Each structure stands twice: as C-alpha cells, then as structure tokens.
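Here the structure comes first, spelled out in structure tokens, and everything after it is commentary.
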Amino acid sequence: MSRIVCKFGGTSLADALQFKKVRAIVEADQRRTIVVPSAPGKRMASDAKLTDLLYLCQQSASVGSDFTPVFARVSERFLEIEQALGLKAGMADHLDQLHKTIIRGVSKDHIASRGEYLNGLLMAAYLGAEFIDPQECILLNANGGVHPDTYRMLGERLANTNKRYVIPGFYGRDANGHIKTFSRGGSDISGAIVARAAQAELYENWTDVSGLLMADPRVVANAKPMEEATYAEIRELSYMGATVLHDEAISPVREVGIPIAIKNTNAPDHPGTRIVNKLSPEIDKSTEIAGIAGKKNFVMINIEKNLMNKEVGFAFRLFGVLERHGVSFEHCPSAIDSMSVIVEASQLEGKTEVVLEEIRNTLNPDRLELEPQIALIAVVGEGMAKTIGIAAKVFVALREAQVNVRLINQGASELNIIVGVMPEDYETALRALYGVFVND
Ligand code: ASP
C-alpha cells in the first residue's frame with residue numbers, strides 16, 4: 001500500500017484538543033501510516049514552547065541553578081495531555097527519569113530532544129502505533145546533516161506498510177551513538193527523511209496555517225496562500241525568511257521527487273500548498289512569481305582598491321579570510337575597483353574587528369568599511385526565466401515607493417531577483433513589490 005508521512009508541528013500538538021484533531025486527520029486517510037511529531041508548542045501567543053523550556057532546564061542545571069520550577073511546567077504539559085486523553089503512557093516515570101538525567105548532566109541535545117521523544121510516546125499510545133526511537137535509526141553527520149546510511153536503516157525499520165508508526169522529529173544520533181538534534185525547527189527535516197526512507201507517495205507537513213503565503217503576513221496584510229510551488233522556489237523563500245518550512249527539509253524529498261503538502265491541522269479541508277518538482281501547466285501559466293521574502297539582519301563589507309581588477313587572486317584571498325573565521329557569505333556584488341560581501345550579521349558576531357583587520361592586512365585595500373545594517377528582499381519565481389519585464393516591474397515599484405536600492409543580485413538560475421535596501425525601507429519595499437506582482 002502506498003504511504004503518506006505526516007509531520008505535525010508544535011502548535012498542532014500543543015494540548016489534548018490538538019491531539020484529537022491529529023488523530024482525526026490520521027484516521028481520515030488510511031495511507032497516513034507514519035506520523036512524525038514535534039514537541040508541544042505554544043497553546044496561545046503568551047505560552048512557551050516545550051523545547052525552549054527544556055533548553056532552559058539544561059542551562060539552569062549546567063550552572064547549578066534550581067531548574068525545578070521550569071521542569072514543573074514541562075511535566076505539567078505532558079501529564080495533562082496523558083490524563084485528558086485517558087492514556088497510560090507512563091509519563092510520570094519518564095519525567096522522573098528525565099529529571100534525574102538533567103541532574104546527572106547530559107548534553108544539551110539530549111535534553112532538548114526529550115520534548116519530541118515524550119510527545120512521540122504519547123502519540124504512539126494514542127494512535128495505537130509502534131514507536132520508533134530515531135536514536136536507533138537516524139544517523140547525523142558531524143555537521144548536522146543526515147548520513148546516507150539512515151535511509152537504509154530507517155527503511156528497514158519502517159518495512160511493514162500495513163503498520164502504523166510514530167517516529168519523533170528533531171533528533172537522531174551521532175557517530176558515537178549520542179543523541180544529536182537538527183537545528184531549531186528540525187522536525188521538518190526528520191519528516192522529509194522519514195518520507196524518503198519509507199518511499200512515501202507524499203510528505204504532509206501539518207502546521208497552523210493554510211499553506212505557505214506569498215509574503216510575510218506580519219508585513220503584508222491578507223497575503224495570499226500559494227496553491228503550488230516548486231522545491232527550488234520554496235528553498236529560496238524559506239532561506240530568505242519565509243518561516244513555515246525549515247530550509248533543509250526540501251532536499252531529502254526533492255532528490256527522489258516526493259511532493260510535499262503544507263496543511264493546516266485546524267482547517268484540514270483547506271488544500272494548503274503543494275510543493276512539487278514542476279508546476280502544473282495552469283499554475284505555471286497564471287503566476288508570474290511564487291512569492292516574496294526577506295530578512296533584515298545582514299551587514300555589508302565594502303572593499304575598494306585601485307586596480308583591483310588586475311590583481312589576480314584578490315577574491316580568493318578575501319574568501320580565504322572568511323573561511324579561516326568560519327564566516328559564510330550570501331552575495332558578493334562587485335565593480336572594477338570595489339567588491340562587497342554581504343554576510344548575515346550573526347556570522348560576524350564577536351569577530352567583526354578580527355575579520356576586518358585580517359582583510360586589511362591581507363588585501364591592503366584603499367578603503368574598507370562596514371555597513372552595519374542592510375535588508376535583503378528576494379522576489380522568487382521559476383517563471384522569471386522566461387518572462388520579460390519582471391526586473392523592470394521590481395525597480396519601477398521600488399522607485400514609486402521611494403526606496404533606494406543598495407544592491408541588486410540575480411543568480412544564473414533566474415529563480416530570483418534580490419535587492420538590498422536600508423532596514424527602515426524594508427516594509428515599504430516588501431509591500432510595494434507585493435502590490436505590483438500580486439495585487440496589480
Ligand atoms: N521542537 C523543536 C524546536 O522547537 C523542533 C521542531 O519543532 O521542529 O525547534
């Protein structure tokens with residue numbers, strides 16, 4: 001039988017009521033045999049995510065502070081779900097064990113992973129499914145990526161297509177067998193890995209919005225949902241700040257062509273967004289762009305040197321400095337005698353001065369300056385490559401909104417046009433671009 005892997009995010013599993021919705025969704029389609037849960041998320045805006053509480057416990061314990069009050073909040077959430085659903089999943093014992101583990105002092109990853117682990121035990125008991133601990137069969141590399149052996153190990157573990165399985169998100173193990181988590185929001189990655197290992201026909205990612213929106217709703221009121229988008233478009237958009245899906249969750253399924261559906265646990269009948277390899281012809285014809293996304297926290301290092309264009313290896317030495325300091329860069333616009341590097345501000349945290357100093361010593365520039373704040377906005381769409389006038393539209397919209405463009409970048413793939421603006425112009429620019437492409 002063909003299978004669907006369903007990953008449920010934190011808000012979809014925040015309390016017993018949400019668990020009930022999840023069970024109804026799973027039972028509504030018999031192909032939904034594999035469930036990947038996150039840890040309980042926020043029940044309301046002022047609430048805490050369970051994973052954050054666990055990090056807090058670990059942090060307090062590591063400096064010898066009393067973590068009992070925070071741990072009580074963790075316990076309360078799990079016990080409440082167990083009780084309200086009438087389950088006997090042994091939560092009290094598991095929590096007792098976790099408490100001891102924190103006192104004993106295990107790794108941050110180990111403690112953070114327990115949100116998913118315990119929620120997985122509850123979900124398995126609730127669905128009458130077999131529980132699989134990802135520590136057994138999801139192997140992570142030292143850099144946090146998935147080890148290719150995972151697909152075989154996990155595939156064997158999930159072999160029975162008639163069975164229902166629950167496998168928690170967010171973690172696996174490292175080469176030494178210790179628990180290792182993905183980066184934050186990483187249950188999306190787990191879901192994609194599980195979908196690939198199970199050779200699923202579809203990876204459903206259940207969240208609290210009805211699909212991906214064409215722009216950040218905090219900036220553009222009533223931003224429209226996307227019906228369909230390609231893997232490449234979503235990767236660009238999520239990398240540039242669209243927050244619904246982790247940007248590393250695409251590759252595992254993209255490589256084998258498993259489509260993703262972004263769905264809303266609170267409105268399961270809404271079609272949501274389908275992420276595919278190639279757009280269907282109607283969508284392809286009717287949409288100019290997939291969406292617009294952006295982020296504010298970039299810095300720009302500007303380097304000027306007379307006759308830079310003649311100096312062989314200039315860029316090589318510049319990138320060498322960045323590499324030595326573990327700084328990854330985003331874009332590198334250049335002119336004959338100048339070059340800029342755009343870097344996410346967090347990349348330079350605590351090392352700005354050292355990096356600048358080394359650039360100065362290595363390249364001996366005539367001028368070196370740091371622009372401490374720049375915002376990037378990406379207009380993304382596969383259709384761009386074959387449509388004339390997209391760039392014209394972008395720049396007319398920005399001129400009409402009186403936004404000064406600090407940098408322009410378009411990759412060879414013609415999947416996006418990226419503009420850099422001052423952070424104070426970010427919202428205006430985003431709305432102007434949305435207006436011209438979507439509400440025209
Ligand atoms: N619970 C983890 C986090 O808060 C992983 C996830 O929800 O995807 O980041």
Side-chain angles (χ1 to χ4, degrees), residues 5-15 18-19 21-22 34-59 70-71 73-75 77-78 81 94-95 98 102 107-124 132-135 138 140 144-146 166-174 179-196 203-209 212 234 238-239 241-253 260-266 275 346:
V5 168
C6 318
K7 178 259 168 180
F8 289 92
T11 51
S12 300
L13 296 164
D15 57 21
Q18 293 302 88
F19 265 66
K21 291 183 192 169
V22 166
I34 306 177
V35 173
V36 178
S38 279
K42 294 184 180 193
R43 292 162 291 189
M44 63 217 110
S46 58
D47 204 5
K49 287 179 72 167
L50 212 113
T51 310
D52 291 329
L53 296 178
L54 289 168
Y55 277 123
L56 213 58
C57 287
Q58 187 274 336
Q59 214 176 15
V70 187
F71 193 81
R73 291 170 67 193
V74 171
S75 300
R77 301 272 313 256
F78 287 117
I81 297 172
H94 287 294
L95 287 160
L98 174 58
I102 299 176
S107 74
K108 194 165 152 180
D109 282 18
H110 185 126
I111 295 170
S113 74
R114 298 301 87 183
E116 269 70 9
Y117 174 75
L118 296 178
N119 227 21
L121 290 175
L122 284 172
M123 185 52 79
I132 299 178
D133 190 340
Q135 192 180 0
I138 294 189
L140 273 76
V146 63
V166 170
I167 171 160
F170 194 36
Y171 72 97
R173 70 169 145 91
D174 64 16
I179 287 179
K180 189 167 167 66
T181 59
F182 291 106
S183 52
R184 292 302 305 266
S187 297
D188 285 345
I189 312 173
S190 309
I193 292 168
V194 172
R196 174 162 169 176
Y203 169 29
E204 287 182 339
N205 190 293
W206 291 85
T207 172
D208 55 2
V209 287
L212 294 161
I234 296 304
S238 47
Y239 183 68
T243 50
V244 175
L245 191 68
H246 194 296
D247 71 319
E248 290 167 43
I250 309 282
S251 329
V253 282
I260 307 173
I262 309 285
K263 301 270 292 172
N264 189 349
T265 302
N266 304 318
I275 306 173
S346 59

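Everything numeric here is computed off the predicted structure, so don't read it as measured data. In each ligand, atom 1 is the first atom listed, and ligand 1 is the first ligand listed.
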Q. For ligand 1, which atoms, with element, lie under 4.0 Å from some heavy atom of Ser38?
A. 6 (C), 7 (O), 8 (O)
Q) What's the spacing between Asn119 CG and Phe78 CZ if we round to 0.5 Å? A) 5.0 Å
Q) Quick one: does Glu116 get within less than 4.0 Å of ligand 1, heavy atoms only? A) yes
**Q.** CG on Leu54 to OH on Tyr117, rounded to 0.5 Å
**A.** 13.5 Å
Q.
I'd like to check which ligand 1 atoms, numbered from 1 as shown, lie under 4.0 Å from a non-hydrogen atom of Arg184.
A. 3 (C), 4 (O), 9 (O)
Q) Do we get Arg114 above Tyr171's six-membered ring, with its NZ or CZ under 6.0 Å from the centre and within 45° of the axis? A) yes
Q. Counting from 1, what ligand 1 atoms have a heavy atom of Lys49 closer than 4.0 Å?
A. 3 (C), 4 (O)
Q. Of all the non-hydrogen atoms in the protein, which one sits nearest to atom 6 (C) of ligand 1, and at what distance?
A. Ser187 OG, 3.4 Å
Q) Is any side-chain N of the basic residue among Asp15 and Lys21 closer than 4.0 Å to the acidic one's carboxylate O? A) no
Q. What do you reckon, does Gly169 put a non-hydrogen atom under 4.0 Å from ligand 1?
A. no
(Q) Tell me whether Lys263 is salt-bridged to Asp208, with the criterion being a basic N under 4.0 Å from an acidic carboxylate O. (A) no
Q) Is Phe170 in polar range of ligand 1, meaning some N or O pair under 3.5 Å apart? A) no
Q.
Side chain or backbone, does Asp188 bring an N or O within less than 3.5 Å of an N or O on ligand 1?
A. no
Q. Is there a heavy atom in Gly10 that sits closer than 4.0 Å to ligand 1?
A. no
(Q) Using the rule given for side chain to side chain contact (heavy atoms under 4.5 Å, CB included), can you reason through Trp206 versus Asn264, listing the C-alpha separation, both sets of side-chain angles and the distance that settles it, and then say yes or no? (A) CA-CA 6 Å; Trp206 291 85; Asn264 189 349; 5.8 Å; no
Q. Is the count of non-hydrogen atoms from other residues, nucleotides or ligands lying under 6.0 Å from Arg73 atom CZ greater than 12?
A. no
